[in-house]
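So the structure is just underneath, and the comments pick up after that.
Computed from a predicted structure; not experimentally measured.
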Amino acid sequence: KLEEIESELQRVLQMPNDDQAMAEEDAALPSDPSEIQVVVEDYQHKIQFLKQASLVRTALDEATTLSSAALSTDPNLGQASEQLVQAMQHLDQAQALMEASRRPEERAVATQIIESLNHSIRRQRIEVLHRACKALDASIDISSNQMSAKSSTQVEEAFQVLETLEGGPLALEETLRRLTRRIFDRALEPLLEPFRKNSPETHSYSAYQVNVQEDQPSKRLIGVSASTKKGVVHRIEWYRVDDDSMQTDSAGNKEVLAWPVGVWKDTLSTLQQILSFVSERILLQRPTSCALVGRKLFGKPNALPSHLHLNALGLESTLLGDDHGLLMEPLVELMAKTCLPDQLSASELSVTLSTRGKELLDVGTSFCQALVDCGFMKSLEENSKLFDLLQNFEKNYVEHRRCVILNQGRDILRSRDYHNTVTVGVDEDNEDPGMSIFLLHKSSVSEVAFQLMQLLRQTMTESVEMPASPPTLRPSLYKTARELLGLFRAIIPARYRQEIATVPRTAAVFYNDCVYLAHHCLTLGIEFKEKYPEEDARGKMLKQSCIFVDHVPIFRELADESLGDMLDMQGNELGEIVGKRIPYLGPALASNESLHEWSEAETALAAGIYHLRHLSQSWKPILSERIFCQSMGHLCDAVLTLYGKQIKAARSISPNARHFLLGLFRKASTDLKELFPTNPKPDRCLDDCSSEWNRFQALLQFLDMAQLPQVEAALGSGVFRQVAAPELSHWIQATFGDSAERRSLLQS
């Protein structure tokens, strides 16, 4: 076709110039020379397009031949990939020529040709990449204690293909990502298992034995393909000797590695040899491949990698984020976990911490330098996370110690049973009156608050006993002690919110906890600030700023709020229990016969006292005696007030009603006294803690007086001093009939 178009173009160019000869030569050609020039340009454009398409087909056929062992005596995937690149370049030029075409019919035909060639290139590209990945996977064998790599031209060709045809799902980066994950899962991660599972108390470790060897190719065997035999197999093996084969020193003791620094030194040395083998024998020291693998193993993750499973939608699973730092992230985490001690005494701190930090920094620097030499890292500062741990070992210990204490406090607050209590404080009978305000009265607090305060005191003791180096340790421990109080306020009210609001015992325990913590906060700062040594500016600053009293108002507010809300709720419940049953008791007292309202009043009072008795049983073992009496007195006032309102509402009280009320209130007085402690006497508790009790006792005595002279005598002796004059006048008018004696008494 190309030859036909070229011959046609030559014929047009050699035509005579006159119009008559042109018409005779070919009647189909235009007569205008400018139009002939357009035809010539179209033919030239078509020839260039077909030449580029021919070059694409030639390069594609050459790539197909070079990539197939059946079509070539010497297949070469690297050269095949180069031919594919040339084919794609010619295809881009052909597509540009197609887009410049001025004839729609020619553009449509050219589009079909380009789509056909593009499909062939894409199919051949996938085939070449697949064969390269297959050759690379077949040349590498990895297990938990050995790794082997076949050195052959096919491996080099595979890397050449992946770098040449970069991009797409089977290109260099994706292939090396899978290879890196395979190396990490099978070979590298098992080396970190001792730091995850075992401890020096339960297991001892010997040094790894590492062997590197080469296996020369065997002689050609009949029936065995050359591709499976040619090439040297490089192998590295590592293993720990068992206890029976472990070497011994001159004294006959088995040589075991010191935990944890000695084990880490040996592990990093083994990792260094394995990674050197990977760089030299598997990646063939190719800079691009080493950099990609290094980023996967030691890079910084820029997102949280996770697989998005789309199988239910008929789609393939997709990786979200970059899974960089496969080895470095767990390595740094486990090194911090095993090498940073949870706690050191003052004598161990200066020696153990600095020595261990220096040893780890030396071995870590050597390890990272080996990674730079292998091409996995560009510089030592590229991975700042490891060097931050090793160079600032003392600083990281301080932060680790803080986290350990806070985790202990969090475990106390979350795992302990909040309902278990312990008794704290002193008896109120034995206290010094002058020191009463500074003493914690005997009560029960939760084991959670008690153990948290013990942990806080231990933290403050450790803070004042630690040396000045590291300089941030003592301030950090002081800060951590304050943060423990914040943990209590953050966790307990949120976790037991429903119980504190609805269960009387839990509300009382939480009230006592807040009072207990506030009481200790009053004196903690004074107790410990004098113990800080003034060795440096930090010590002087701690001595001046050590304070916990700022937590006191917060805990007192929590205490008052919790118990106050509970008393309000119990008062409302007593209103439901008692108040709804006696709304018409006042008018019913005018009757001289027993009515339904009288029996309802008796039932309501019994139900109210029964409810108070249950509250007393819940609160008496928990609350201090003073708070218990004040709380119960407040609730007794709620019941007595309800009956007092009905007495005020009574226009007349018949003699039988007076006797009924006298018996009812005498029994109520006896039952209410039983709710309060016997030492001191219940009357004293009720007098001090109930605002309605004295008025109730005056009403009880009034109901027991059958004649007005008795009332007048009691009035003169001060029996009614707690009763307002209008209220006493109402009692007299409702109980006694109109008479000159009553009018005289009321006027007086």
Side-chain angles (χ1 to χ4, degrees), residues 567 570-571 573-575 577-579 581-582 585-586 588-589 594 597-620 625-626 628-650 653-707 710-711 713-715 717-724 727-728 730-732 734-735:
L567 290 175
Q570 296 302 323
E573 288 190 10
L574 287 171
I577 294 172
V578 178
R581 296 192 179 193
I582 58 172
L585 176 62
L589 294 176
S594 178
E597 285 78 6
W598 294 13
S599 61
E600 280 293 301
E602 192 174 5
T603 303
L605 186 59
I609 293 176
Y610 178 80
H611 185 77
L612 290 173
R613 186 176 293 113
H614 273 277
L615 289 176
S616 174
Q617 293 172 354
S618 298
W619 284 348
K620 186 177 289 186
E625 185 176 301
R626 183 175 301 177
F628 171 77
C629 291
Q630 291 176 355
S631 301
M632 293 302 298
H634 174 78
L635 296 178
C636 289
D637 288 345
V639 176
L640 297 178
T641 301
L642 293 172
Y643 281 90
K645 288 181 180 179
Q646 295 302 316
I647 299 298
K648 289 181 180 180
I653 301 176
S654 66
N656 287 341
R658 182 171 60 83
H659 288 296
F660 165 74
L661 290 176
L662 181 61
L664 181 65
F665 290 164
R666 278 178 176 173
K667 184 177 185 304
S669 177
T670 303
D671 291 341
L672 291 176
K673 289 179 181 180
E674 292 177 353
L675 301 177
F676 290 84
T678 58
N679 186 21
K681 293 182 179 181
D683 288 334
R684 177 184 168 185
C685 291
L686 285 166
D687 289 344
D688 295 340
C689 302
S690 174
S691 60
E692 296 292 329
W693 179 253
N694 290 327
R695 188 180 295 110
F696 176 71
Q697 292 298 313
L699 175 61
L700 191 61
Q701 294 184 45
F702 175 82
L703 293 173
D704 197 25
M705 299 174 185
Q707 299 178 0
Q710 293 177 320
V711 177
L715 185 62
S717 62
V719 172
F720 303 113
R721 60 181 176 272
Q722 298 294 335
V723 183
E727 186 175 5
L728 180 59
H730 175 75
W731 291 354
I732 295 173
T735 305

Counting N and O atoms only, with roles assigned by atom type, does the side chain of S717 sit under 3.5 Å from a partner on the main chain of A714, one being a donor and the other an acceptor? yes
Considering all heavy atoms, the nearest A607-I577 contact: CB-CG2, 3.5 Å
As an exercise, state the distance from CH2 of W693 to CG of L640, rounded to the nearest 0.5 Å. 7.0 Å
Report the residues that fulfil salt bridge (charged side-chain N to carboxylate O under 4.0 Å, His left out) with K648, sequence neighbours left out, ordered by chain and then residue number. none
Close side-chain approach of P677 and F628, heavy atoms under 4.5 Å: yes
Give a yes or no on whether the backbone of G586 and the side-chain of Q646 come within a donor-acceptor separation of less than 3.5 Å. yes
Note, L661 side chain near Y643 side chain (heavy atom, < 4.5 Å): no
Does the side chain of H611 come under 3.5 Å of the side chain of Q570 through a donor N or O and an acceptor N or O? yes
In terms of relative ring orientation, are Y610 and H614 parallel, tilted or perpendicular, with 30° and 60° separating the classes? perpendicular
Distance check, rounded to the nearest 0.5 Å: L642 atom CG versus E692 atom CD? 10.0 Å
Does anything in residues 628-647 pair up under salt bridge (Lys or Arg N to Asp or Glu O under 4.0 Å), and if so which pairs, sequence neighbours excluded? none
Report the residues that fulfil ring-ring contact (aromatic ring centres under 6.0 Å, His included) with W619, sequence neighbours left out, ordered by chain and then residue number. none
Non-neighbouring partners of V711 that pass side-chain contact (heavy atoms from CB on, under 4.5 Å), sequence neighbours left out: F702, M705, F720, I732, F736, L745
Could you pull out all donor-acceptor pairs under 3.5 Å where a side-chain atom in residues 662-672 meets a protein atom, sequence neighbours excluded?
from : atom 1 : to   : atom 2 : distance (Å)
R666 : NH2    : D704 : OD1    : 3.2
R666 : NH2    : D704 : OD2    : 3.2
K667 : NZ     : D671 : OD2    : 2.9
S669 : OG     : Q697 : NE2    : 3.3
T670 : OG1    : R666 : O      : 3.1

Are any of the side-chain heavy atoms of L615 and L675 separated by less than 4.5 Å? no
Could you state the interatomic distance from CZ (F660) to OG (S654), rounded to the nearest 0.5 Å? 10.5 Å
In Å, rounded to the nearest 0.5 Å, how long is the span from CZ of R613 to OG of S618? 13.0 Å
Side-chain contact, heavy-atom cut-off 4.5 Å: N656 with S594? no
Within the side chain of S616, is there an N or O that forms a donor-acceptor pair under 3.5 Å with the backbone of L612? no
Would a 4.5 Å heavy-atom cut-off, applied to side chains only, mark F696 and Q722 as touching? no
Which atom pair, heavy atoms only, marks the closest approach of V578 to A604? CG2-O, 3.5 Å
If you round to the nearest 0.5 Å, how far is SG of C685 from NZ of K673? 12.0 Å
For residues F676 and C636, determine if any side-chain heavy atom of one lies less than 4.5 Å from a side-chain heavy atom of the other. yes
Sequence neighbours excluded, which residues qualify as salt bridge (charged side-chain N to carboxylate O under 4.0 Å, His left out) partners of E727? R695
Measure the CG-CD distance between L635 and Q630 for me, rounded to the nearest 0.5 Å. 12.0 Å
Smallest separation among heavy atoms of A601 and I582, with atom names: CA-CG2, 3.5 Å
